2 protein chains.
Amino acid sequence: MSATIYDVAREAGVSMATVSRVMNDTAVVKEETKKRVLEAIAKLSYRPNAIARGLASKRTKTIGVIVPDVSAAFMAELVRGIEDIANMYHYHIILCNSDGQLDREKDLVGTMWEKQVDGLLFMSPRLQQEHIDTFEEAQLPIVLCRTDDPEGRIPSVNINNRQAAIDVVDYLVAKGCKSIAFVGAQNGLRTLTDERRVGFLQGIQRNGIDSQLIELPNETYATALPILKNAFKQGAPRAIFTANDELAIAAEHAAQDASLRIPEDIMIVGFDNTKLTEMSRPALTTVTQSMYDYGAVAMRFLTKLLSDEPISTYTVVLPHQILEKESTAPRLIR
Amino acid sequence: MSATIYDVAREAGVSMATVSRVMNDTAVVKEETKKRVLEAIAKLSYRPNAIARGLASKRTKTIGVIVPDVSAAFMAELVRGIEDIANMYHYHIILCNSDGQLDREKDLVGTMWEKQVDGLLFMSPRLQQEHIDTFEEAQLPIVLCRTDDPEGRIPSVNINNRQAAIDVVDYLVAKGCKSIAFVGAQNGLRTLTDERRVGFLQGIQRNGIDSQLIELPNETYATALPILKNAFKQGAPRAIFTANDELAIAAEHAAQDASLRIPEDIMIVGFDNTKLTEMSRPALTTVTQSMYDYGAVAMRFLTKLLSDEPISTYTVVLPHQILEKESTAPRLIR
DNA sequence: CTGTTAGCGCCTTCAC
DNA sequence: GTGAAGGCGCTAACAG
């Protein structure tokens, strides 16, 4: 068993209260006794027990992070952003995967409450009323990240997915595309993809060009590839806009299999700006800022909430932009 | 403020000890009183405070996971494997990134101790004596994952990287390759890459063929690409074996830029079997089982340690295998 | 089967 | 500036 605050107090010849004070810098302690305490701490290599501290202070310095699936490339980057900022503010994160299942998400919020996390960072493909109810019940500071509450009841950091999709259409039209297909999963729920699809359709309508919707059962590379290959057999559109980068890579491969040149015959635009966009051939034009920044901003937002720093808005809308790479631009000389 | 165990006890007309008993199923309680307690719990929507429980029981049901960087694709998959199994055994994970820096790693072990984690899953590119010392000091059940302790002092789950590399050389030789290059970072420390390099060299020697070592300052796609392109200018080997999948993709692209056909002109073999291998063109031949399984096995191992289940060996060596895909085999018809 | 009683290790008023 | 004392919410003997 290791040293407790009492051991340190005895060693330093002071009371435990004083030890607590120097540990937490919570009141002025005479320089000399402070020194004695510090020496005792070092001598016993004392480490405060965070659990006991949590019980007494009701603050655990840990925040819960609920994501659908870390193993998705962009989620991992996002989590890294969260962790870096958390670390900067001396928080730790408990990471949970929900697979986007409502039951599990609700359960996790409860479990995180049990663990007495100081706050919650929540990501989900779609937010339903039940989520909101669960959040309210939990009475925890919560920030949604890359997850939209249309009513703006919950603090969130997000980009304007609809507008971003419109911008992509405009961008492709400016590039001379007269027909554009949108690729994403259709599941009847309000998802990020739906937001993007809506924007896409708005953009199409505004520009008065041809469009096509390619619906997927899910948004993975493996699922998308055969479906896209098949779609291209009956004539490919001039451009493809996918709901995320992974799908865009599937589109690239499907196009290549159909002997279509990128970007000469078909342009491709992804979404999320993950590392994948740099590791694909041709490099992928994509939308928005890095997932890392996304997570970082969300975590910073939460720390503000937790320390009662003034907040200007509870619905942070991150700027988005289109990063032009090879899949829509003349090939660079290699 | 939410309900405590006292509130439930009062509501059910029993003592808090009984409530605790039904919560933890730690002793037989009469069916009827149990029912009353359960009703009280439901009525007050009582949730036990895990922190208080942790303080009293000295077990927090959380384990610390220290990784170099979750945002690396394979690490994310590995972490997912860990989390799934952790969840299965009702553990939660605190995830920390160390960037492979010794100081930070040591510090994190200490902080995890403060948080009273029940155990630690530790990943690092290289293990030094200082790590061992830190672990011993912490007195925590620890399992190394994808990290080797050559002396076998710390429980670990790993593959035989050296043998795997030998197997790759044999495999490529059987394919008719007379010259093979190894690509990886050289940093003077004992790393996974070094293990693989050693195996590579042994294989080369045994087969008596030509070899080349291409040393990188780090193991990222962006770093590798230009270096490999340059290397290929002065004549490419018949095969490339890289320390990980990401580098293998760089090799593919470098080869393609040099107008080399894969696998006709040059074969490429990666390492780790990440999702990337399926998302590359040509699909990448790679070594070992999935990172997900890796994490899952390691976590399961830790749960055994934590529950004193019998353990046959403290050094779990996972079987490895070569998964042949397009980068070393005739192209499949698409 | 159930209740009583100590703590777990620390924070936090209060007095001094 | 420092000490004493009372919790935080729960588990775990120990009685009954």
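What you are looking at is a predicted structure, and each value in this text was computed from that prediction instead of being measured.
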Tell me the interatomic distance from [X], atom [atom1], to [N], atom [atom2], rounded to whole angstroms.
X	N	atom1	atom2	answer
Arg47(A)	dG9(C)	CZ	P	17 Å
Asp25(A)	dG1(D)	CG	P	13 Å
Arg10(A)	dA4(D)	CZ	P	13 Å
Asp7(A)	dG9(C)	CG	P	9 Å
Lys35(B)	dC1(C)	NZ	P	17 Å

Verify the contact: side-chain N or O of [X] to OP1 or OP2 of [N], cut-off strictly under 4.0 Å; return yes or no.
X	N	result
Lys58(B)	dG7(C)	no
Thr18(B)	dC1(C)	no
Ser15(B)	dG3(C)	yes

Could you list the residues that satisfy salt bridge (Lys or Arg N to Asp or Glu O under 4.0 Å) with Glu39(A), not counting sequence neighbours?
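With sequence neighbours excluded, Glu39(A) shows a salt bridge (Lys or Arg N to Asp or Glu O under 4.0 Å) to Lys35(A), given in chain and number order.
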Which residues satisfy the salt bridge (Lys or Arg N to Asp or Glu O under 4.0 Å) test with Arg153(A), sequence neighbours excluded?
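Result, salt bridge (Lys or Arg N to Asp or Glu O under 4.0 Å) vs Arg153(A): Asp149(A).
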Hydrogens and angles aside, do Gln129(A) and Asp133(A) bring a side-chain donor and acceptor to less than 3.5 Å of each other?
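The criterion, which ignores hydrogens and geometry beyond distance, is satisfied for Asp133(A) and Gln129(A).
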With [X] via side chain to side chain donor-acceptor pair (under 3.5 Å) - residues at least two apart:
X	value
Glu31(A)	none
Lys106(B)	Glu130(B)
Arg300(A)	Tyr89(A), Thr303(A), Glu309(A)
Ser20(B)	Asn24(B)

Please determine whether a side-chain nitrogen of the Lys or Arg among Lys58(B) and Asp118(B) lies less than 4.0 Å from a carboxylate oxygen of the Asp or Glu.
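Result for this pair is no, no salt bridge flagged.
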Protein-nucleic acid N or O pairs under 3.5 Å, nucleotides 11-15 of chain C:
| from | atom 1 | to | atom 2 | distance (Å) |
| --- | --- | --- | --- | --- |
| dC11(C) | OP1 | Asn24(A) | OD1 | 3.3 |
| dC11(C) | OP1 | Asn24(A) | ND2 | 3.0 |
| dC11(C) | OP1 | Arg53(A) | NE | 2.9 |
| dC11(C) | OP2 | Ser20(A) | OG | 2.9 |
| dC11(C) | OP2 | Asn24(A) | ND2 | 3.4 |

Applying ring pair (Phe, Tyr, Trp, His ring centres under 6.0 Å), which residue pairs with at least one partner in residues 292-317 of chain A are found, sequence neighbours left out?
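Found none.
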At what angle, to 10 degrees, do the two end axes of the helix from dC1(C)-dG16(D) to dC16(C)-dG1(D) meet, given five pairs define each axis?
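Axis angle across the helix from dC1(C)-dG16(D) to dC16(C)-dG1(D), nearest 10°: 30°.
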If you check every side-chain atom of Leu55(A), which of dG9(D), dC10(C), dT2(C) has the closest atom?
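The answer is dG9(D), which lies nearest to the side chain.
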